[in-house]
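The structure appears below as structure tokens.
Not measured: the values here are computed from a predicted model.
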Amino acid sequence: EVEKKAIAKGKIEQQKKINTIMKDGEKWKEKAKVFEKKYNEALKKGKTMQEMGFDYEKQLKEDLEKNFPDDRIFKKGQKGDLLQIIIYKDNDISKILYECKKVQDWKDEYTRKLKDAVLDREVEYGIIVTSELKKGKRGFCSFGEKVFAINPEGVIDFVKFLRQGIIEIKSAKITQEEKDMLMKHLWEYIESNKFENSINGVIDKAKELKDMLDKEQEVHKRIWERRMGYYNQISENSLDIKEKVNNILKNKKKISESIIN
């Protein structure tokens with residue numbers, strides 16, 4: 001009776017171990033499938049995985065909220081995807097309208113439509129967030145009338161610079177004429193080659209970091225595949241052991257009899 005109980009308990013424990021191994025194996029298998037799908041989509045379009053996902057409105061909204069917690073960020077849909085209201089000392093001092101473009105080729109109509117949206121919504125600045133800029137431009141481009149296009153990797157750094165400049169000028173204790181003059185100098189600098197080169201340098205470094213991350217993810221993918229192989233092998237071995245144990249138990253009496261004889 002004790003032997004029967006011990007065998008039954010052993011079977012239950014063995015089955016639990018097998019179930020755990022199989023469950024873990026399925027979990028890693030699903031993770032590998034999701035990663036592989038995203039990775040292949042990125043490869044087809046010649047982009048990093050971060051670029052593939054970043055220019056979705058939801059992600060951009062989350063990134064803006066994280067970096068500018070004092071501001072108000074709204075999803076606007078048509079005529080601009082997102083609206084950022086810059087807040088300083090509980091006052092609305094400026095607005096930025098964002099348009100996310102997940103495209104393979106740049107079209108000049110993007111600029112025209114955003115300029116129209118900026119006027120319709122009565123905002124001061126418009127930013128097109130896209131990984132495909134106008135021909136000849138690397139990561140940043142100014143179109144005048146306070147409308148820009150920028151690569152996803154550089155948008156937060158650019159907005160930080162722009163926002164800080166706006167706050168410092170508008171909050172300065174100087175005449176309105178002096179503020180207007182400072183804003184003019186700020187725009188001259190933003191539209192200069194010097195600023196474009198600086199922001200492009202930031203974007204290039206960000207891309208390098210993301211490429212490194214992509215390579216690291218590829219290494220993890222290979223590790224996951226190896227782990228899946230190990231899980232499957234362990235599972236097969238466990239099932240094989242279980243089968244042999246059961247066979248031994250079934251033939252226990254015959255073995256005992258043969259030993260006695």
Side-chain angles (χ1 to χ4, degrees), residues 54-65 67-68 70-152 154-172 174-193 195-196 199 203:
F54 189 92
D55 50 1
Y56 287 116
E57 298 163 30
K58 181 180 177 182
Q59 257 184 301
L60 178 58
K61 184 174 184 290
E62 290 175 356
D63 216 355
L64 290 170
E65 289 173 338
N67 285 274
F68 312 107
D70 295 332
D71 295 351
R72 295 204 296 272
I73 315 296
F74 300 95
K75 186 174 179 180
K76 303 304 290 185
Q78 300 208 357
K79 290 192 177 181
D81 295 324
L82 297 171
L83 178 66
Q84 178 181 2
I85 299 178
I86 299 174
I87 308 296
Y88 180 71
K89 291 186 176 180
D90 296 325
N91 293 317
D92 302 357
I93 64 169
S94 194
K95 298 176 184 177
I96 303 174
L97 188 65
Y98 297 88
E99 182 73 36
C100 298
K101 291 293 182 185
K102 188 177 179 182
V103 296
Q104 294 184 357
D105 298 303
W106 173 266
K107 294 181 180 179
D108 291 334
E109 68 181 67
Y110 300 152
T111 309
R112 177 179 54 78
K113 287 183 178 180
L114 184 57
K115 286 182 178 181
D116 290 343
V118 165
L119 291 174
D120 289 346
R121 295 194 180 276
E122 297 180 345
V123 301
E124 288 81 10
Y125 314 101
I127 298 177
I128 300 171
V129 182
T130 179
S131 57
E132 298 296 331
L133 269 71
K134 186 176 181 180
K135 187 175 180 181
K137 296 294 181 180
R138 284 162 52 201
F140 174 80
C141 183
S142 173
F143 297 98
E145 300 178 50
K146 301 179 182 179
V147 171
F148 314 91
I150 190 166
N151 194 283
V155 63
I156 296 301
D157 287 306
F158 173 64
V159 174
K160 283 180 180 179
F161 170 81
L162 176 61
R163 184 180 181 278
Q164 187 62 32
I166 293 169
I167 288 175
E168 289 186 6
I169 292 172
K170 290 198 174 185
S171 63
I174 55 178
T175 65
Q176 186 59 47
E177 185 179 357
E178 289 172 323
K179 289 181 181 180
D180 293 342
M181 183 61 67
L182 286 175
M183 287 300 296
K184 180 182 178 183
H185 288 314
L186 176 64
W187 289 115
E188 287 176 353
Y189 174 63
I190 289 177
E191 293 177 351
S192 69
N193 291 331
F195 178 80
E196 184 176 337
I199 195 70
I203 293 168

**Study point:** Verdict with reasoning, V155 to D63, per side chain to side chain contact (heavy atoms under 4.5 Å, CB included)
**Key:** CA-CA 10 Å; V155 63; D63 216 355; 5.9 Å; no
Practice item. Go through the steps to decide whether N151 and F158 satisfy the test side chain to side chain contact (heavy atoms under 4.5 Å, CB included), and finish with yes or no. Key: CA-CA 10 Å; N151 194 283; F158 173 64; over 6 Å; no
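With contacts defined as side-chain heavy-atom distances shorter than 4.5 Å, the pair I86/Y125 does not qualify. Here the side chains of F148 and I199 are not in contact, with every heavy-atom distance at 4.5 Å or above. In this structure, the side chains of L162 and I96 come closer than 4.5 Å at one or more pairs of heavy atoms. Contact of the R112 side chain with the D116 side chain is registered, since non-hydrogen atoms from C-beta on lie closer than 4.5 Å. Inter-residue side-chain proximity for Y110 and E99 is flagged as unmet; no heavy-atom pair is nearer than 4.5 Å. Proximity of L64 to I156: side-chain heavy atoms (C-beta onward) are separated by under 4.5 Å at one or more points.
Taking I87 as the reference, D71, R72, I85, D92 meet the side chain to side chain contact (heavy atoms under 4.5 Å, CB included) condition, with sequence neighbours excluded. Remark: E65 engages K61 in a salt bridge (charged side-chain N to carboxylate O under 4.0 Å, His left out) (not counting sequence neighbours). Shown here are the side chain to side chain contact (heavy atoms under 4.5 Å, CB included) partners of E124, two or more places apart in sequence or in another chain: S94, K95. Remark: D157 engages no residue in a side-chain hydrogen bond (donor to acceptor under 3.5 Å, both in side chains) (not counting sequence neighbours). Taking the side-chain hydrogen bond (donor to acceptor under 3.5 Å, both in side chains) definition, one finds that E168 meets it with Q164, sequence neighbours left out. Every residue two or more places apart in sequence or in another chain was checked for a side-chain hydrogen bond (donor to acceptor under 3.5 Å, both in side chains) with K170, and none qualifies. The side-chain hydrogen bond (donor to acceptor under 3.5 Å, both in side chains) search around E109 returns K113, not counting sequence neighbours.
The CG atom of L182 sits 5.0 Å away from atom CD1 of I169, with the distance rounded to the nearest 0.5 Å. In this structure, I93 CD1 and S171 OG are separated by 7.0 Å, a value rounded to the nearest 0.5 Å. How far CG of L60 is from NZ of K75: 11.5 Å, rounded to the nearest 0.5 Å. For the atom pair CZ (F74) and CG (D81), the distance works out to 15.5 Å, reported to the nearest 0.5 Å. Separation of atoms OH (Y98) and CD1 (I127) is listed at 4.5 Å; rounding is to 0.5 Å.
For NZ of K107, the number of neighbouring non-hydrogen atoms (other residues, nucleotides, ligands) closer than 6.0 Å is 12 at most.
In terms of heavy atoms, P152 sits closest to V129 at CA-CG1, 4.0 Å.
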Ignoring hydrogens and angles, write down the donor-acceptor pairs under 3.5 Å from the side chains of residues 183-192, residues two or more places apart or on other chains.
unit_1	atom_1	unit_2	atom_2	d
S192	OG	Y189	O	2.5
S192	OG	F195	N	3.3

